[in-house]
Amino acid sequence: MELRKISEHIGKWFSGSGPMSDIVISSRIRLARNIAGYEFVSNCSQESQAIILEKLKEVLMGLDLSQKVSYICVDKAGQLDKDFLVERHLISRLHAQSKALRGVVIAADEMFTAMINEEDHLRIQVLMPGLQLFQCWEQLNRIDDIIEQHIEYAFDSRLGYLTACPTNIGTGIRVSVMLHLPALKITGHLEKFFNAARDMNLAVRGLFGEGTEAVGDFFQISNQTTLGVKEEDIVKKFSDVIIPEIVGYEKLAREQLFEKKKNMINDKIYRAMGILSNAQMISSSEAMFLLSHLRLGVNLKKIDNLSIDKINELFLLTQPAHLQLNSGGPLSQDDRDELRAKIIRNCLNQN
Amino acid sequence: MKCQKCKDSIATIHLTEIIDGQRSEMHLCQACAQNEGVAVKSQIPLSELLNSLLAAEADEPSVPEIKDTLDACPYCGMTWEKFKKRALLGCPNDYNVFADELDGIIKRAHSGHVAHIGKVPTHAGDGIKKQIAMLNLKKHLADALKREDYETAAKIRDEMNNIGF
C-alpha cells in the first residue's frame, strides 16, 4: 500500500456520514486476541514473533473482504509513515513505538484494520462513520469467526479470551465512539459528562493533538469492563443508551447556547472563520480549536457552502504527518504552520 | 519537566489554552492541577489504571497476603514482581500460576465480574460451551427474578436442566 495514495483524502469512517453524524464522528470496535501456545508479545522471542506475524499475516491477507487488502510492515516503516498511520487511526501509538516484529493489515476503505504483535498478537478493528456499532460488531464478529477457523486462540473457560493485560480479558472487546462536543465544552458541562461516564465505568479520552492535550473538542468514549458481559450487550448499551444520552446533552447545550448566548456563539463561529480564512501561519492545536467552532457553525447552519465532510478533511489533512507526507518529505515547524494555514485558506476561500 | 506552580514535583498535566488566538501553555503536577480545578481524572491510561488497582491490592486486608517469593511461571518465567512493574503478563499460563493474586485485580477492573459469558471459539470443547451457556442462563435467571418475571424464570430453569450438568 502506498501511503501517498491514501494521504490526500480522508478515510471513509471520517466522511461525516452515518447516523447522528453531526455529533458522532465514528464508531469503532476492536477485539484483542492471542494465539494459543505462544507467549504474549512483550515476553516473546524474536523467532516466535516472526512465526506469529507470518501465521496471522497469511490468514488476514487471505480474508475475503470484497476489497483490496494491504499489509504494511510497521517495524521497517519510517517515522513519518508511522506517524501518519497513527494520525489516521490505522495503528495505535503503542504499535508505532513498540520494538516487536510487527505489521498492520488495512482494507482499502480503511474500515477494517488488524494490528499484528501490538500488545496482543492480534488486534482487529472495524471503524465506521456515525453511530453504527451494530454494523461494526456484525462485521468484526464475522471476520473473527473466519480467522478462528485457521488459528487457535488462547481461551480459558472461566476467563474467556486471554490477553497480555488482565484489563482486557473475557471478551477482549473495546467499543469506542468518537464524539464532537463543542457546546458541552463551551457551556462548561464537560466535567459533569466525564463524571457520569466514570461512574458507568467508561473511559473518556481527548482525540487529536500532538501530545496529551485534547484539542478540537473531540472525545472518545469507550468501555473498560470486558469480563462478565456479553459483546452484544455492551454494543446495545452504547447504541441505545449511552451515546444517544450524550448526544441529547450536546444538542440541548447547543440549543441553550443558541437561545441565551447567541452573540457569544456567533462570535466564536465567525471569529473562527475570520482567522482560518486569513491566517498565514497556524499551529496544529489552534487550527483544531478553530475548526471545531467552524464545524459547530456548519451544524448550526450558520455557514453556507461548507460541508462537514470538507471540515473533517481539513482536520485530518492538516495533521503534521499528513502535511509532510503530502508535501513530499519532512518540514520544519514553521513550514508546517505556513502550509497548514495555506491549505485551510484555500479551502475556505474557494467557497 | 518540573511543575510550574510548586516547582517541585514532575509536571504530568500539560495544558494548552488558546484565547483569541494567543496560545499559552501550563505544565502542572497532579496535585497542583487539582488545586487549580483542572479536571484530570478523566484521562486515566489503562496502565495507570492497572497500577492503581495493584496499589489498592496492597491495602486491601480481605485479600490473602501475597508472598514476596511466588514461583515463576514454568513456561515463560514471569514473576509476580515483574508483572507488578510492567502490568503485562508473559503468557496465557500466568493466569493459572497467579490465579489467586490476579483475582482481586480482575474483579476490580471488571466491575466485580469474575467469569466470561461472551463469545466462545468454535474450537472450544463442548464442556466449555455448556459451562458458558450455564453462566449466561444464570445471569438471565437472576435478571428475571429481579423483575419478578417468574414465567421467564421457569423457562430458564428448564433450559438449565436441559443442558444437563
Which portion of A:Ala154 sits near chain B, non-hydrogen atoms under 4.5 angstrom: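 Answer is side chain: those atoms of A:Ala154 sit under 4.5 Å from chain B.
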Side-chain heavy-atom pair A:Pro166, B:Phe98 within 4.5 angstrom cut-off: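 Of all side-chain heavy-atom pairs linking B:Phe98 with A:Pro166, none is under 4.5 Å.
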B:Pro92 side chain reached by A:Tyr38 side chain, heavy atoms, under 4.5 Å: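 The answer is no, as the side chains (C-beta and beyond) never meet within the 4.5 Å cut-off.
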Could you check which of [options] has the highest count of heavy-atom pairs closer than 4.5 Å to chain B?
{"options": "A:Ile282, A:Val229, A:Leu227, A:Ile173", "answer": "A:Leu227"}
{"options": "A:Asp144, A:Leu190, A:Val41, A:Asn195", "answer": "A:Asp144"}
{"options": "A:Leu290, A:Ile234, A:Asn34, A:Asp145", "answer": "A:Asp145"}

Distance check, rounded to the nearest 0.5 Å: [X] atom [atom1] versus [Y] atom [atom2]?
{"X": "A:Asn43", "Y": "B:Asp94", "atom1": "CG", "atom2": "CG", "value": "7.5 Å"}
{"X": "B:Ile117", "Y": "A:Asp233", "atom1": "CD1", "atom2": "CG", "value": "6.5 Å"}
{"X": "B:Lys119", "Y": "A:Glu232", "atom1": "NZ", "atom2": "CD", "value": "9.0 Å"}
{"X": "B:Leu102", "Y": "A:Ile169", "atom1": "CG", "atom2": "CD1", "value": "8.0 Å"}
{"X": "A:Phe40", "Y": "B:Leu89", "atom1": "CZ", "atom2": "CG", "value": "6.0 Å"}
{"X": "B:Met78", "Y": "A:Ser42", "atom1": "CE", "atom2": "OG", "value": "6.0 Å"}

Is it true that atom [atom1] of [X] has more than 12 heavy atoms of other residues, nucleotides or ligands lying nearer than 6.0 Å?
{"X": "A:Tyr153", "atom1": "OH", "answer": "yes"}
{"X": "B:Asp158", "atom1": "CG", "answer": "yes"}
{"X": "B:Tyr75", "atom1": "OH", "answer": "no"}

Criterion side chain to side chain contact (heavy atoms under 4.5 Å, CB included) against B:His116, the qualifying member of A:Leu159, A:Thr171, A:Thr226: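 Considering A:Leu159, A:Thr171, A:Thr226, a side chain to side chain contact (heavy atoms under 4.5 Å, CB included) with B:His116 is found only for A:Thr171.
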Single hit among A:Glu148, A:Arg33, A:Glu152 for side chain to side chain contact (heavy atoms under 4.5 Å, CB included) with B:Pro121: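 Between B:Pro121 and the candidates, side chain to side chain contact (heavy atoms under 4.5 Å, CB included) is satisfied uniquely by A:Glu148.
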Side chain to side chain contact (heavy atoms under 4.5 Å, CB included) between B:Tyr95 and A:Thr163, intermediate numbers included: CA-CA 10 Å; B:Tyr95 283 101; A:Thr163 51; 3.9 Å; yes
Segment of B:Lys82 engaging chain A (4.5 angstrom heavy-atom cut-off):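 The side chain, not the backbone.
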Interchain contact, B:Ile106 with chain A, by part (heavy-atom threshold 4.5 Å):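 Answer is side chain: those atoms of B:Ile106 sit under 4.5 Å from chain A.
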